[in-house]
Structures are given as C-alpha cells and as structure tokens.
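Here is the structure we will look at.
The basis for the numbers below is simple: all heavy atoms, side chains too, and nothing from hydrogens, waters or symmetry mates.
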Amino acid sequence: MKNSPFEKEIIDQKIKELRIADPGKASIREIVALVNLVEEETGEKYVRMEMGVPGLPPSKVGVEAEIEALQRGVAAIYPMVDGIKPLKEEASRFVKNFLNIEVSPKGCIPTVGSMQGTYAAFMAAANAVEGKDTTLFIDPGFPVQKQQMMVLGQKYETFDVFNFRGEKLRSKLEEFLSKGNICSIVYSNPNNPTWICFTEEELNIIGDLANKYDVIVMEDLAYFGMDFRQDFSKPGQPPYQPTVAKYTGNYMLFISSSKIFSYAGQRCGLMVISDSLFKRDYPALQKRFGGTDFGSTITLRLLYALSSGTSHSAQWALAAMLKAANEGRFNFVEEVKEYGEKAKVMKKLFIENGFDIVYKKDIDLPVADGFYFTISYPGMTGNQLVANLLYYGISAIALDNTGSNEQGIRACVSFVKRNQFPDLEHRLKLFNIHFSEKN
C-alpha cells in the first residue's frame, strides 16, 4: 500500500490503541472511533461511508416549531408518555395521507428515535404469547437491532432475502414460522443496506403469513418514501409508500424523523400500532408486565420505564413537520433526493475503478439510487475490503455486519460531500492500481 495517501503506521497505531482485533469485523461505532482518531492525527479527511448519518440541514419547519415550543416553556413540563395530542393527530393523518392506512391517534406514539421504539416492541412481542419468544429478521438489516436482541437476552433467527424474492419468500418464511416459536418478523423497506424494496406481492405474502401464524410484523420505515423510482410526495394521492399494513392488522410501523426530516439529533420518531393490535389482550404479557392491552403495556409500562416519554420540544417539532407535509407545504421527499443523486455518482466512480455492485437487482429492476448501496472488489471478502479501504482514506462496514451472506461492504452516501468526489475518485484509482497489480 505504498501508494496510499495515508500513513499505514498511523492507522495501525490507532487500531492498536482502540484494541480492535480485526478492523474488517469492527462495528459501526468502532469504525467511527478509529476514523476520528486518524483524522485528528493526520489532519486529513476520510470519505466516510460507515454510518447512516443525515448529511442535509434539519427541516426549517421543525427547527422553528421547536424554538417556539421552548420559548413557551415546554422544557419545564413532562409530556404525556404516549405523546402530545397535536403530534398524535398529525401522525394519524400522515399515515392516512402517505400510506393510505387508517390508524387512530391513540396508536401513534412518539419514541426516542425508532431505536427506542423497536427496543420496547421487541420486549413486548417476545413476552406476548408463551412459547413464542423468537424474532425473525429478514436480512440484510440494521445491525444495531441485533445488538438490542443481545442486550435484551432475546432469541432471534435470520435469513438473507437475496435469493428469496417474490413467491420464493413465502416458502422461506413458512420454514421458520411453522416451528411455532416466532413472535415477530422484522425488516426495513426500503432496505438498509441493499436498498431493495419489497413489492406489493411480497408484502401481501408477509401479511398473509402474519395472519396465518399470528405473528407481529415490525416494519422499519426509516427511509420513508425514498424509493425515488416513484413519487410518494403528494399527500392523499397515489402512489403511496408500500406497507404490510394493507394486508394484516398484526403490524407495528416505525417512522423515523432522522432521515426523511434530517432531524436525527433530537431523537424523536414514531411507533405506529394498528388499532386491532393496540387493543388486543395478551394474558402472558399482562402476567409479565402487569399491563392491560398491548398498546397500554407498550406505553404505560415499557416506554414509561425506559425514558418516561420523549423530548417535549422535539415532539412539537415533529408535529409541525408532519402537519406541513400533510398540508402539502413541505415536500420532504424532494428535500432528500440529493441522496439518490449522490449515490448515482458514487456508484459510477466505484464501478470505473474495478468494483462491482453486490445487490444490483430489485427482482427484475435495477436497484434504486438512494441512501445506501453495496459494493465488492474481486478476490476480497467484505471484511478484507473494509480493512484495506481504511488505508486509502475510505471507511465503511462489511455486509456480514448486516446479516448478508454476500461478500462486500455497505456504502452510505449521506455524509460524503460533493466536494469530496475528486478525493474519492483519486483514492479508488490508487486502490485499484495497487490491488489489481497484486492480483
């Protein structure tokens, strides 16, 4: 790696300081810490693709509403655990306008980011029915949700959906569900990290089987409306963001403000529970947590114990952003199209320098350009590629971190600035020269 613009010795020293046994297998946060140290030591900037951090300014609508709320003194007042009324009402409207699904405001609950929402949901689902204590992840997926499983001490199973698209998904899901121990199914749509998007046929299959085997579907909509091949930006008009909620009442949706509104720092997302699931009684859940119905157990037992509610001022910000979107005054999809445009350029730079796209197809269509894409390099595992790219000032995580069986890395476009594209191109050229000569 003599042609690398970064000194190998400095990177090796920082790896040793952080006690990272194998940088190729490092977690997202370990990569973040390592790159921070190298940048501080060298004064050089990495092309950072390791973390899904919004790279756009926060919504002005949200900022202004939160400032106004703080000036009214809401910081001194505990909000209700299940959320302020304006937020719950606007969330219900948002679900109707952009998903075409009816949900009562009661089932629209603010959480400290979707992360807290899934944590509470995992806890509730795994204790709802005796003997059903295992979560099924349709992978690849968000790595930290497995970390939540570990912290909770809960069981999970997983499979890579790459070879099980369309009708093949049914038999693969039944392979797990027929055992009788699965309490919930988890996936993201659009998918982190592959950016594939489930079709209506696939969502129908998931909903059908959720009904048949009585399991809860947890649909992570962190990248709501960001399949830019269609325009999901018009409130109350088709096309609508695809959702399993059309096909089953056994659903929980997680809508994040972090990516679609660039409001990650205030840690305020939404957990949306169907009306039928919210009011359902589970004797085992009541025995475990002492609550009443499913929804009340989530709010008054679990979320209350976890954080006693969500930031009061941030709730007013989210309510304002949802209201503006509902009224057609705030086109949040248009605001985030920059991610897709950057992805198109970055993919081209990688391909021109010897790399390949791993998840190329969304069944029979090219995968959309969006927040993430996946890349590989000939003769390297994903872990080797992560480690080698670090010496060329490019950071990412390996696909096996996400539950993928494919070899490659996840590239996040959000934190890469357009003025870094020349650096990226130069470093990829150097990388390819070095490793193509070795091959």
Side-chain angles (χ1 to χ4, degrees), residues 51-95 97-99 103 105-121 142 144-145 148 188 192 218-226 241 252-273 295 298-300 302-326 330 332-333 335-336 371 414:
M51 197 169 176
V53 180
L56 301 173
S59 161
K60 187 177 179 182
V61 172
V63 172
E64 290 177 351
E66 185 159 7
I67 290 171
E68 183 183 342
L70 286 167
Q71 290 173 337
R72 290 200 312 269
V74 302
I77 305 165
Y78 285 118
M80 295 295 289
V81 175
D82 65 339
I84 60 172
K85 186 178 179 181
L87 173 55
K88 295 174 76 66
E89 290 176 344
E90 291 300 337
S92 176
R93 287 180 63 201
F94 184 86
V95 169
N97 280 331
F98 293 96
L99 290 162
V103 179
K106 188 175 183 179
C108 300
I109 303 152
T111 57
V112 185
S114 289
M115 284 289 295
Q116 188 200 33
T118 55
Y119 191 89
F142 183 34
V144 190
Q145 288 174 342
Q148 290 183 321
S188 56
N192 168 8
M218 300 183 188
E219 188 173 71
D220 185 348
L221 296 172
Y223 308 97
F224 194 109
M226 289 170 66
Q241 163 70 40
M252 303 177 74
L253 312 178
F254 299 92
I255 300 173
S256 170
S257 65
S258 296
K259 309 305 189 300
I260 62 173
F261 297 147
S262 300
Y263 223 72
Q266 300 310 83
R267 311 305 304 129
C268 190
L270 288 168
M271 174 195 295
V272 178
I273 307 174
I298 287 275
T299 52
L300 303 181
L302 301 181
L303 292 178
Y304 182 39
L306 288 171
S307 66
S308 193
T310 305
S311 164
H312 202 164
S313 60
Q315 289 191 50
W316 283 102
L318 184 51
M321 291 184 286
L322 294 174
K323 181 178 173 65
N326 285 328
F330 173 37
F332 65 94
V333 175
E335 295 278 325
V336 295
F371 202 78
S414 63

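- A side-chain donor-acceptor contact under 3.5 Å links S92 to the backbone of V103.
- Residues Q315 and P79 meet the side-chain proximity criterion, which asks for heavy atoms closer than 4.5 Å.
- No side-chain heavy atom of M80 sits less than 4.5 Å from a side-chain heavy atom of K85.
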Between Q116 and S307, does the side chain to side chain donor-acceptor pair (under 3.5 Å) criterion hold? Intermediate values first, please. CA-CA 9 Å; Q116 188 200 33; S307 66; 2.7 Å; yes
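- Contacts of D82 classified as salt bridge (Lys or Arg N to Asp or Glu O under 4.0 Å), with partners at least two apart in sequence or in another chain: K88.
- Screening Y263, F261, Y223 against F332 for a ring-ring contact (aromatic ring centres under 6.0 Å, His included) leaves a single residue, F261.
- Here the options are V95, N326, N97, L318, the test is side-chain contact (heavy atoms from CB on, under 4.5 Å), and the partner is E90; only N326 passes.
- A 4.5 Å side-chain heavy-atom check between M115 and Y119 finds every atom pair outside the cut-off.
- The six-membered or imidazole ring of F254 lies away from that of F142, with a centre-to-centre distance of 6.0 Å or more.
- Ion pairing of E89 with R93 is absent here, as no side-chain N (NZ or NE/NH1/NH2) approaches a carboxylate O to less than 4.0 Å.
- Within the 4.5 Å cutoff, the side chain of V272 has no heavy atoms near those of the L99 side chain.
- When only modelled atom types and interatomic distance are considered, T118 and Q148 share a side-chain donor-acceptor pair under 3.5 Å.
- Scanning both residues, A314 and E66, for their nearest heavy atoms gives N-OE2, 3.4 Å.
- Annotation: side chain of L270 is in contact with side chain of L87 (closest heavy-atom distance under 4.5 Å).
- C268 places none of its side-chain heavy atoms less than 4.5 Å from the side chain of S311.
- Between F94 and F224, the ring planes are tilted. Angles from 30° to 60° get that label.
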